[in-house]
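This report concerns only the one structure given below.
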Amino acid sequence: MFFLALLMVRVNAQTIKGKVIDSRTQEPLQFTNVFINNTTIGTTTNEDGSYTLSRPDLPGTFQLVASFVGYSTSSIEVSIGEGETKNVDFALDPLASVLSEIELKSRRDKPWERNLKRFQDVFLALPDDPIAGKLEITNPWVLEFEKVKPDKGPNYIRATAQEPLVLENNALGYRVTYYLQDYKFYNFKSTYFGLAFFENKTPKDSAQSAEYLVNKQTSYLGSIKHLMRAVLLQQVPEQGFNLYETFPEQMNRRRTNTYTIELGESIVPISQDSIRRIPLRNGNFRIIWPKRVEVHFLKKNYRNDYYLDVYHPVGWVEAPLGYFDIDRNGVPIHPTQVVLSGYIGRPRMGRSLPHDYFPPETFENLAAEVDLLKSLINKWENLRESPYLMTNKPYYYPGETVWFGGKMLYKNQFYQDTLSRVLHVDLISEGSEMVLSNQYPIEEGGFSGSISLPDSLPQGDYFIRAYTEWMRNYPERDFYLRAFPVLSKGLNIESQDVEQFDFLGDLEFQMKDSTYFESNQQVLEVELSMKDALDELVNAEMMISATNPELVSDMKGQSNFIEAYDWLNQEEKNPFQ
């Protein structure tokens, strides 16, 4: 019986074999990695550049990838039937130049770090995902970011990687080698695409092994692969899915956030029998899909921001073409045919499972997918505000009027019209005694006003402080505070050279000015334009102050708006103390 079983495996096995050579010299490339994209299935070439992959469970259609250090990565789409043998050869192009790790690291700067942070937020995991802290790109320095200006369409930031990215996933137990094919950032949106090879990590003990297992099961449940396998096997309700076709908003009806009201209005249940599955000759299936389907997964508890009366995950699956193709394991063949959003679109590479992963029959002790403490902290952080105030001069004399304007900074701009309406502005002495205090209205996130200094105000070092009542719930470091020198009348200071702001390559200012006389008055005309890192013109609100340099000296060390923006990246360490 054992011999018969071996014989059957050999008969039914699918085999891919071939050779990998240098495209210029035609020499074989030994130790080249050859693998099936998004799986743990792979091998290496021998001394002749030859390889063989033989398994009974290969997908019907897949991307076969060949990769070797110093050469460009190549991929070929392969379709194979049961028991079939196919020959697939690769000719890899040598890269023009390969920089050393030290050379790559030395080319990093502030704009690169900002682009890397943006890339990691999109690539690894969402901020409230508990596994985010267990994911690491071990060689981020291989990433290069550049600005692209196409003839048509908006400018964008593109990322390339001279070598594959290595992702250590200590939550699911994989080391992922990721060959980045494309990454774009434009209009505050990001897209990426690449080829991935998964290697199982050896757990250090039984506890870590159990953690890997639970996190894999949790990531699989409710995923697009889980849904598509349920569709293929006609087990949609049994697997915990409810499907609804969605309809666009009606002109005479406003959509609510109540599921029981929307049922039958904006969403209509779909039975699994109405979803057509057409077998294709290559062993895959074509799924005829309504344009936009709302997916409810009932086997998980999950906080829901979309419906007030639903406590399970809700997501959406769209098929712009009206169909998409999947393999027999439920994996979409061409990911661009499917658009995912909501819960089913949450997974990043940190939650991605290899296509050859098959879950156990039963699921137990599922791990949390949202860090509730982190969620509460984020909610509290989102309600923070802080003012930035700009005066028309860096120092003053007794009896002068201080003209100022400013903007409120919000951790979440959505709350601009929800939080404070009144700003308190105080003038404080060096000994922390209150000298003056006034209140000013906050309108559309901005404020302006003036302070009249008493003629009797002694010379000294004062401070100007600005805050709202709501900000008293947070640490005082959110308050605006800056030095406010008051000089004796007739006393002046020597003008100092003021350094220009460093905008880290994100903003570029262009200014033209001219003066002329009109109706016996001198007119100053200023033309100011501002461009972002993509060379796109930026809409902005300006605070402009004009001073006579012969009467007012410049002072070093003045606060500026760019430095104030650093507050947006600060997090309170213990917000619930």
Side-chain angles (χ1 to χ4, degrees), residues 72-73 75 95-99 101 103-127 129 132 135-167 176-196 335-336 339-341 345-352 409 411-413 500-510 528-540 561-569:
S72 60
T73 301
S75 65
L95 296 173
S97 64
V98 179
L99 299 179
E101 179 180 325
E103 290 173 314
L104 287 168
K105 286 182 175 179
S106 68
R107 296 168 60 178
R108 305 306 172 225
D109 50 20
K110 287 284 186 180
W112 180 87
E113 290 177 0
R114 186 167 295 188
N115 281 318
L116 175 64
K117 174 72 165 57
R118 192 181 285 149
F119 176 85
Q120 289 176 326
D121 288 345
V122 173
F123 182 74
L124 292 177
L126 292 174
D129 195 323
L135 308 171
E136 181 188 7
I137 300 175
T138 59
N139 59 340
W141 55 82
V142 304
L143 283 165
E144 290 283 352
F145 300 97
E146 63 175 329
K147 186 189 307 178
V148 179
K149 303 177 182 178
D151 294 334
K152 296 182 180 180
N155 297 341
Y156 59 89
I157 298 291
R158 177 172 63 194
T160 55
Q162 193 177 84
E163 299 174 15
L165 296 169
V166 178
L167 168 60
V176 184
T177 306
Y178 193 85
Y179 301 81
L180 184 67
Q181 304 287 297
D182 187 41
Y183 166 85
K184 291 186 178 71
F185 171 78
Y186 56 96
N187 294 335
F188 301 101
K189 298 178 182 178
S190 297
T191 60
Y192 69 89
F193 169 74
L195 307 166
T336 55
V339 179
L340 308 178
S341 56
R346 274 179 61 89
R348 307 294 191 262
M349 279 306 299
R351 287 284 181 185
S352 293
L409 301 178
K411 285 285 185 174
N412 187 336
Q413 196 66 25
Q500 295 297 314
F501 295 162
D502 178 12
F503 296 105
L504 306 178
D506 283 352
L507 293 175
E508 177 185 349
F509 287 89
Q510 295 177 341
L528 179 64
S529 63
M530 184 168 64
K531 294 184 177 181
D532 62 14
L534 301 177
D535 280 342
E536 299 286 352
L537 288 170
V538 177
N539 289 324
F561 199 48
I562 301 303
E563 292 171 351
Y565 256 92
D566 289 340
W567 172 82
L568 293 175
N569 298 321

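For Y192, the ring-ring contact (aromatic ring centres under 6.0 Å, His included) partners at least two apart in sequence or on another chain are F123. Remark: T73 pairs with V65, S67, Y179, L195 by the side chain to side chain contact (heavy atoms under 4.5 Å, CB included) rule, at least two apart or across chains. By the side chain to side chain contact (heavy atoms under 4.5 Å, CB included) test, V148 is found to be paired with E146, P150, Y156, R158, residues two or more places apart in sequence or in another chain being considered. Applying the side chain to side chain contact (heavy atoms under 4.5 Å, CB included) criterion to P347, with sequence neighbours excluded, gives R351. With sequence neighbours excluded, the residues forming a side chain to side chain contact (heavy atoms under 4.5 Å, CB included) with E113 are K110, listed by chain and number. Under the rule for a side chain to side chain donor-acceptor pair (under 3.5 Å), N155 has no partner lying at least two apart in sequence or in another chain.
Between the side chain of D182 and the backbone N or O of F193 there is no donor-acceptor pair closer than 3.5 Å. Under a 3.5 Å cut-off, the side chain of W567 and the backbone N or O of L409 do not form any donor-acceptor pair.
For the pair L180/T160, no side-chain contact is recorded, criterion being any heavy-atom separation below 4.5 Å from C-beta on. A 4.5 Å side-chain heavy-atom check between R348 and L126 finds at least one atom pair inside the cut-off. Proximity of L167 to M349: side-chain heavy atoms (C-beta onward) are separated by under 4.5 Å at one or more points. Here the side chains of V176 and V166 are not in contact, with every heavy-atom distance at 4.5 Å or above. Residues R114 and F145 are not in side-chain contact: their nearest non-hydrogen atoms beyond the backbone lie 4.5 Å or more apart. Side-chain contact between F185 and S190: present, with at least one pair of heavy atoms (C-beta onward) separated by less than 4.5 Å.
For the atom pair CG (N139) and CD (E136), the distance works out to 9.5 Å, reported to the nearest 0.5 Å. Note: L143 CG to E163 CD = 11.0 Å, rounded to the nearest 0.5 Å. Distance check: Q181 CD to Y178 OH gives 8.0 Å after rounding to the nearest 0.5 Å. Taken from CZ in F119 to CD1 in I137, the straight-line distance is 5.0 Å, to the nearest 0.5 Å.
Minimum heavy-atom separation, K147 to I157: CA-CD1, 4.2 Å. Nearest heavy-atom pair, L537 versus S529, reported as atom, atom and distance to 0.1 Å: CD2-CB, 4.3 Å. Nearest heavy-atom pair across P164 and T177 is CB-CG2, 3.6 Å.
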